Amino acid sequence: MSRMARYRLDDPVEAVRGIGPRWSADLAEKGVERVADLLDHLPFRWEDRRHLLPLSQAHEGRTLTACGVIREVGTSRTKNRGLEVFSVLVDDDSGALKAVFFNRSYLGELLTPGRRLLIHGTPRRMRGGLEIHGPAFEVLRDDQQPEQALGWIPVYERLGPLTPRRLRGVIAEALDGLETVEDPLPARLLERLSLLDRDSALRQAHRPPPTVPAEQLAMRCTPAHRRLAFDEFFFLELGLAIKRQRRRAERRVGGYRISAELRRRMAGWLPFRLTGAQRRVLREIGEDLRAAWPMHRLLLGDVGSGKTVVAALAMAVAVDNGFQAALMAPTEILCRQHARTLAELLAPAQITVELLTSSLTAGEQRKLRERLACGTSRLVVGTHSLISTKVKFARLGMVVIDEQHRFGVVQRADLVAKGEHPDVLVMSATPIPRTLAMVLYGDLDVSVIDEKPPGRQPIRTVVRSAEQREQVFAGLAQALAQGHQAYIVHPAVEGASGLRAAEEGLEEYRRRFPQAGVVMVHGRMDPAERDAALESFASGKAAILVATTIIEVGIDVARASVIIVEDADRFGLAQLHQLRGRVGRGAQRSYCVLLASPRAEGKALERLEVLAATDDGFVIAEKDLEFRGPGEMAGAAQSGYPSFAVADLVRHRDLLLDARRAAFELVESSSGGLTRGLVDETLRRHGQRLRLAEIG
Ligand code: ADP
Ligand code: MG
């Protein structure tokens, strides 16, 4: 067959023979406008039609591919259900086999005696002998050898008007007529990483060579898939590298002075000694502040590892240098907690901490906004109300974002835009795997607090099935009798039904523990009521706090030493780990009980056991990624997790590491490895998401 180039990737799909204006309009609705889009629609499996078998070797239940001449055709009806039966007898000299199609008598026009037919399917034993029902088939042209029709045959998911079978036809036509696809990646890179060229990768992802083993296909780890996955990672990382480089071209507005005097004073404010990890991170931040470009740093560390303290000191430096600092956190509870902590820590510095949330009256909000706009307020803590266009700063120099995965990229950018290239520190207590961090926050520098303040007790974590519920609560009764306090968490994040579950839970606990004092907090509560509930738990008046996951962030009660999570299998591991961090803050031994839901299966329990086995947030996050996939990880969606067509953070981990290194090297190298082609493709794929508009 000639491989005349008739199509280019940029051509409209309508250019492809077989796709008329009607189909192309329907395809456009599915986002398929160009030939490239059509070819991005990869097969989800491949039929193994690599080997031809003589019909004499047909066996009941064993899938085969065979080729023969059509001898007889016939139509009839089934007795019971009245289906139309169209059958052909195929003969290859070694034997014959009856192929049967139901309600497809139109095939009679195509499958006529004398034609050569390739069939693929699984024979079954009927009264009259072996038959093959509804086989896949192909009519061979006169000049076509059966071998030419063999191989891994792509099976596509339906795409708008195109049935799997039609898709196979038009995609084959598009590939046959496609001009050689240019490769944007430097040849040296391909060679170094043993990657297939893009032209071959695109063709082979649809039509793998027969030598490709079935397991490679099942895992999307053929050379073709690896190349396509590499590109998905590479252009994302390239975009992140470009974004980072651009930030480094920004000039900070004013410089910082961190005098020895300030440092001495700061040490004096603290009621404790900083941990080694906290000191290391402060050094890293200090270096950022002395650089010519603004800081963009991600601070990772478990709940209670002391991130807020670090942020407080960084903000104090900003304020001391005449800037304003803003800390944004996702919930009011958390904001109030932060405001309290900061006020205590920074009281010796005579810095007033302001709090901007929607629970302020309109008048209070307006007055605070005025103070921020004229610069008399130097440090503010707030929810996303900080992003409001009404909020203006006189000289915003530092932005801290807590639990940053709760905010989208755009929200973060909106706050940052209120200053002139301010320093940005984003914090997260949700441990995330290194690979996911590279994809989500690859443009940021990363600091990790991997050490807990001294004196923390290890938390004993156990997994219990629903049948063990009674024992769990008997255990809790004992703990309460000894004066412990407990959290009981429900996975009722949103929605009325979730809330009902938590409320039913509340009734149950009040019945079980009539003496204890049981209070509840949830996201839909009025703030005053919630405060009252928290207050009575914090003061020890109530021994049990029933909560939805909002306690994940922002409640700090040292005397609480037990946490029971109901329906724990409905949470992600990283989230459970974060919840668990609510206990173990005081001197006494703490417990975390993960109570599985009645429906939980072996695998879910096994997943929970990971938490019992380790306290290392990063190990837990890696496991979570393996079990649930990146899309399910806490906050991945809000943070703009890109949906990859082929690439997979677990299966193609090695490719991500290679892609990141290659992309950053390319951008940082002075030899100008960054070509227009690479930049264009980056913009096309990720320009919007990364807010990369034009790159020179
Ligand atoms: P995070 O923000 O990481 O959850 P915080 O900064 O809120 O952690 O600190 C948690 C608790 O530990 C707070 O009560 C804080 O005062 C205390 N803390 C922080 N750093 C230290 C330290 N180095 N030594 C003792 N206690 C500390
Ligand atoms: Mg915190």
Side-chain angles (χ1 to χ4, degrees), residues 263 266-285 297-317 325 327-331 333-349 353 355 379 381 400-407 425-432 446-459 487 534 538 549-561 563 574-588 590 615-618 620-621 634-635:
R263 234 179 287 211
M266 280 173 30
W269 300 338
L270 300 178
F272 43 71
R273 248 179 78 78
L274 292 173
T275 63
Q278 283 172 319
R279 271 180 281 138
R280 189 188 62 235
V281 171
L282 276 171
R283 257 198 315 278
E284 288 164 350
I285 292 174
R297 187 166 289 278
L298 170 63
L299 175 53
L300 294 174
D302 273 352
V303 171
S305 61
K307 296 182 297 298
T308 308
V309 172
V310 168
L313 295 178
M315 288 192 285
V317 171
L327 188 162
M328 181 164 73
T331 64
I333 294 188
L334 189 52
C335 283
R336 258 175 291 147
Q337 177 110 22
H338 277 319
R340 212 161 34 232
T341 310
L342 294 182
E344 271 169 33
L345 279 171
L346 302 179
V353 178
L355 181 62
L379 199 159
V381 177
V400 179
I401 295 172
D402 192 24
E403 297 302 329
Q404 56 71 40
H405 64 273
R406 299 282 185 103
F407 297 103
L425 181 68
V426 298
M427 309 196 287
S428 178
T430 306
I432 67 171
V446 180
S447 290
V448 179
I449 301 188
D450 49 6
E451 182 186 350
K452 292 233 161 98
R456 298 279 165 83
Q457 293 292 316
I459 302 163
Y487 297 103
L534 288 176
T549 50
I550 52 167
I551 65 156
E552 197 186 313
V553 284
I555 298 179
D556 197 352
V557 177
R559 255 181 307 179
S561 56
I563 183 164
Q575 202 182 6
L576 288 170
H577 177 63
Q578 205 180 12
L579 280 171
R580 162 167 79 176
R582 287 297 133 205
V583 298
R585 303 193 149 207
Q588 75 279 48
S590 290
D615 189 40
D616 184 326
F618 291 92
I620 290 165

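If you're wondering where the values come from, they're calculated on a predicted model, not measured in any experiment. As the structure lists them, so they are numbered: ligands from 1, and atoms in each ligand from 1.
- Of the polar atoms of Gly306, at least one N or O is found under 3.5 Å from an N or O of ligand 1, judged by distance alone.
- Considering only residues two or more places apart in sequence or on other chains, Gln278 meets the side chain to side chain donor-acceptor pair (under 3.5 Å) condition with Thr275.
- For ligand 1, one of its N or O atoms has an N or O atom of Gly304 under 3.5 Å away.
- Contact analysis puts Ser305 in contact with ligand 1, with a non-hydrogen atom separation below 4.0 angstrom.
- Of all atoms in ligand 1, listed by their number and element, those nearer than 4.0 Å to a heavy atom of Gln278 are 19 (C), 20 (N), 22 (C), 23 (N).
- In the vicinity of Leu274, heavy-atom distances shorter than 4.0 Å reach the ligand 1 atoms 23 (N).
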- Query: Arg580 and Asp302: salt bridge (charged side-chain N to carboxylate O under 4.0 Å, His left out), yes or no, with the steps?
  - Reply: CA-CA 10 Å; Arg580 162 167 79 176; Asp302 273 352; over 6 Å; no
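- Of the possible polar contacts, one joining the Lys307 side chain to the Gly301 backbone as a donor-acceptor pair under 3.5 Å is found.
- Taking distance alone, with nitrogen or oxygen atoms compared against 3.5 Å, Val309 approaches ligand 1 more closely than that limit.
- With sequence neighbours excluded, the residues satisfying side chain to side chain donor-acceptor pair (under 3.5 Å) with Ser447 are Glu284, Arg297.
- At a heavy-atom distance under 4.0 Å, atoms from both the backbone and the side chain of Thr275 approach ligand 1.
- Using a distance-only test at 3.5 Å, with no hydrogens or angles considered, a donor-acceptor pair links the side chain of Ser590 to the main chain of Gly584.
- Leu425 pairs in a side chain to side chain contact (heavy atoms under 4.5 Å, CB included) with only one of the listed residues (Asp402, Leu298, Leu299), which is Leu299.
- Panel note: side chain Arg280, backbone Val448; a donor-acceptor pair is recorded below 3.5 Å.
- At a heavy-atom distance under 4.0 Å, only backbone atoms of Arg273 (N, CA, C or O) approach ligand 1.
- The part of Asp302 lying near ligand 1 is the backbone, judged by heavy-atom distances below 4.0 Å.
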